[in-house]
Amino acid sequence: MDDISSKDYVIVDNFLRDELYTEIKSFFLGKLPNFKEAGIGAHSENQVDTKIRGDFTYWLDRQRDAQLETYWGLLDETMHIFNRYCYLSLSGYEFHLAHYPSGGHYDKHLDQFENRSNRMISMIIYLNDDWKPGDGGELEIFEKDGSSFLVEPLASRCVMFKSADVPHAVLEAHKSRFSLTGWLLYQPSSVGKLYV
């Protein structure tokens with residue numbers, strides 16, 4: 001909490017217990033046939049533009065995807081900790097599975113929109129076994145001074161950052177890159193799902 005308050009982001013390795021990691025990764029692989037090409041923009045403005053973004057997603061639903069109950073409990077606990085120590089008044093979340101195939105990338109952007117600004121904390125959990133330099137798919141985080149640094153998408157690594165304040169990009173993947181990505185919200189996700 002201190003890191004995200006002072007630097008706007010935090011990186012936590014070994015975020016998931018081994019059993020939960022295995023459970024989520026197995027669920028992810030089982031849902032791959034149901035992934036859809038991701039677009040940019042909100043609601044009716046959503047459109048696919050592979051020059052900007054080249055990943056495929058599967059949006060999660062707590063009731064439908066009840067087999068991930070341990071993960072949903074972890075999200076509840078994470079949201080509670082943010083509310084307790086950072087006074088954010090978070091009240092919901094939205095998450096999806098993301099697959100960047102070889103060649104997939106996502107240009108520099110913020111996880112926020114002018115017409116809907118309730119995304120408070122972005123949260124990414126990587127699911128890439130045996131990732132090594134050269135595999136690509138690193139997260140590039142841009143700092144306030146204009147510099148940037150790369151975050152390797154290592155298995156069970158979690159990255160959290162302030163959605164409206166941290167520009168970031170996903171570098172081109174050279175092999176399949178998997179993550180569980182989403183947002184902790186100031187208002188429930190029932191206000192309308194976004195697709196970026």
Side-chain angles (χ1 to χ4, degrees), residues 12 14-50 53-83 88-101 104 106 109-113 115-129 137 139 153 155-161 163 168 170 173 176-196:
V12 183
N14 302 309
F15 186 74
L16 302 175
R17 297 191 314 275
D18 290 346
E19 314 86 72
L20 182 54
Y21 178 87
T22 299
E23 179 182 313
I24 293 172
K25 183 67 178 284
S26 176
F27 178 87
F28 186 113
L29 295 175
K31 293 297 181 183
L32 271 176
N34 304 109
F35 280 49
K36 298 185 182 305
E37 194 167 15
I40 56 172
H43 307 298
S44 60
E45 299 173 5
N46 183 259
Q47 59 183 344
V48 172
D49 187 342
T50 56
R53 179 178 189 178
D55 61 320
F56 293 77
T57 58
Y58 174 85
W59 284 90
L60 295 172
D61 178 273
R62 187 165 187 162
Q63 290 185 330
R64 181 195 62 213
D65 302 316
Q67 61 265 55
L68 293 178
E69 186 53 39
T70 303
Y71 167 70
W72 297 121
L74 176 62
L75 283 184
D76 291 338
E77 181 182 354
T78 302
M79 192 165 62
H80 171 74
I81 290 171
F82 271 109
N83 285 340
L88 291 184
S89 300
L90 298 169
S91 57
Y93 43 72
E94 56 188 10
F95 276 80
H96 65 256
L97 307 175
H99 172 219
Y100 285 79
Y106 197 160
H109 64 284
L110 285 172
D111 286 349
Q112 200 60 276
F113 291 89
N115 60 348
R116 181 184 164 201
S117 59
N118 67 327
R119 288 179 173 179
M120 300 294 290
I121 302 295
S122 298
M123 184 174 177
I124 307 165
I125 302 172
Y126 294 113
L127 305 169
N128 303 302
D129 299 326
L139 178 71
S156 203
R157 170 174 281 174
C158 177
V159 183
M160 292 179 277
F161 53 86
S163 301
H168 56 285
V170 177
S176 285
R177 172 197 186 270
F178 302 142
S179 68
L180 181 48
T181 300
W183 300 272
L184 306 181
L185 308 173
Y186 180 69
Q187 297 171 327
S189 56
S190 59
V191 299
K193 184 176 291 183
L194 296 181
Y195 295 93
V196 297

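This structure is a prediction, so every number in the text was calculated from the model and none was measured. Positions are given from 1 along the sequence.
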Under 3.5 Å, is there a donor-acceptor pair between the side chain of Asn128 and the main chain of Pro153? yes
From CA spacing to verdict: side-chain contact (heavy atoms from CB on, under 4.5 Å), Thr78, Met160: CA-CA 11 Å; Thr78 302; Met160 292 179 277; 4.3 Å; yes
Verdict with supporting geometry, Phe56 and Leu32, side-chain contact (heavy atoms from CB on, under 4.5 Å): CA-CA 9 Å; Phe56 293 77; Leu32 271 176; over 6 Å; no
Asn34: what forms a side chain to side chain donor-acceptor pair (under 3.5 Å) with it, not counting sequence neighbours? none
Are Arg157 and Tyr126 in a cation-pi contact, defined as NZ or CZ under 6.0 Å from the six-membered ring centre and within 45° of the axis? no
Looking at every non-hydrogen atom in both residues, tell me the closest pair between Gly54 and Pro101 and how far apart they are. O-CD, 3.5 Å
With sequence neighbours left out, write down each residue that passes side chain to side chain contact (heavy atoms under 4.5 Å, CB included) with Asn14, or none if nothing qualifies. none
Backbone of Ser163 reached by a side-chain donor or acceptor of Arg119 within 3.5 Å: no
Approximate separation, where rounding is to 0.5 Å, of Phe15 CZ and Leu20 CG: 9.0 Å
Validation row: Leu60, Leu180 side chains within 4.5 angstrom (heavy atoms): yes
Among all residues two or more places apart in sequence or in another chain, which pass the side chain to side chain donor-acceptor pair (under 3.5 Å) test with His99? Ser176
Name the one of Tyr71, Tyr58, Trp72, Trp59 that satisfies side chain to side chain donor-acceptor pair (under 3.5 Å) with Asp65? Tyr58
Quick check: does any side chain N or O of Ser91 sit under 3.5 Å from a backbone N or O of Tyr186, one acting as donor and the other as acceptor? yes
Student check: side-chain heavy atoms of Phe82 and Met120 closer than 4.5 Å: no
For the residue pair Lys25 and Leu127, what are the closest heavy atoms and their distance? NZ-O, 3.0 Å
Heavy-atom pair of closest approach, residues Ala98 and Asp55: CB-OD2, 4.2 Å
Give a yes-or-no answer on whether the side chains of Asp129 and Tyr21 include a donor-acceptor pair shorter than 3.5 Å. yes
Under 3.5 Å: donor-acceptor pair, side chain of Ser26, backbone of Thr22: no
Quick one: are Leu74 and Leu16 in side-chain contact, heavy atoms under 4.5 Å? yes
From Asn83 CG over to Ser89 OG, what is the distance, rounded to the nearest 0.5 angstrom? 6.0 Å
Using a 3.5 Å distance criterion without hydrogens, assess whether the side chain of Asp61 forms a donor-acceptor pair with backbone atoms of Arg64. yes
How many angstroms lie between atom CD of Glu94 and atom CG of Leu184, to the nearest 0.5 angstrom? 10.0 Å
For the residue pair Phe95 and Tyr93, does the interplanar ring angle fall in the parallel (under 30°), tilted (30 to 60°) or perpendicular (over 60°) class? perpendicular
Give the minimum heavy-atom separation between Leu68 and Glu23, together with the two atoms involved. CA-OE2, 4.0 Å
Is any side-chain heavy atom of Trp183 closer than 4.5 Å to one of Asn118? no
Closest non-hydrogen atom pair between Asp111 and Ser122, with its separation: OD2-OG, 2.7 Å
Heavy atoms, side chains only, cut-off 4.5 Å: are Met79 and Leu75 in contact? no
Is the number of heavy atoms from other residues, nucleotides or ligands within 6.0 Å of CZ (Arg17) greater than 12? no
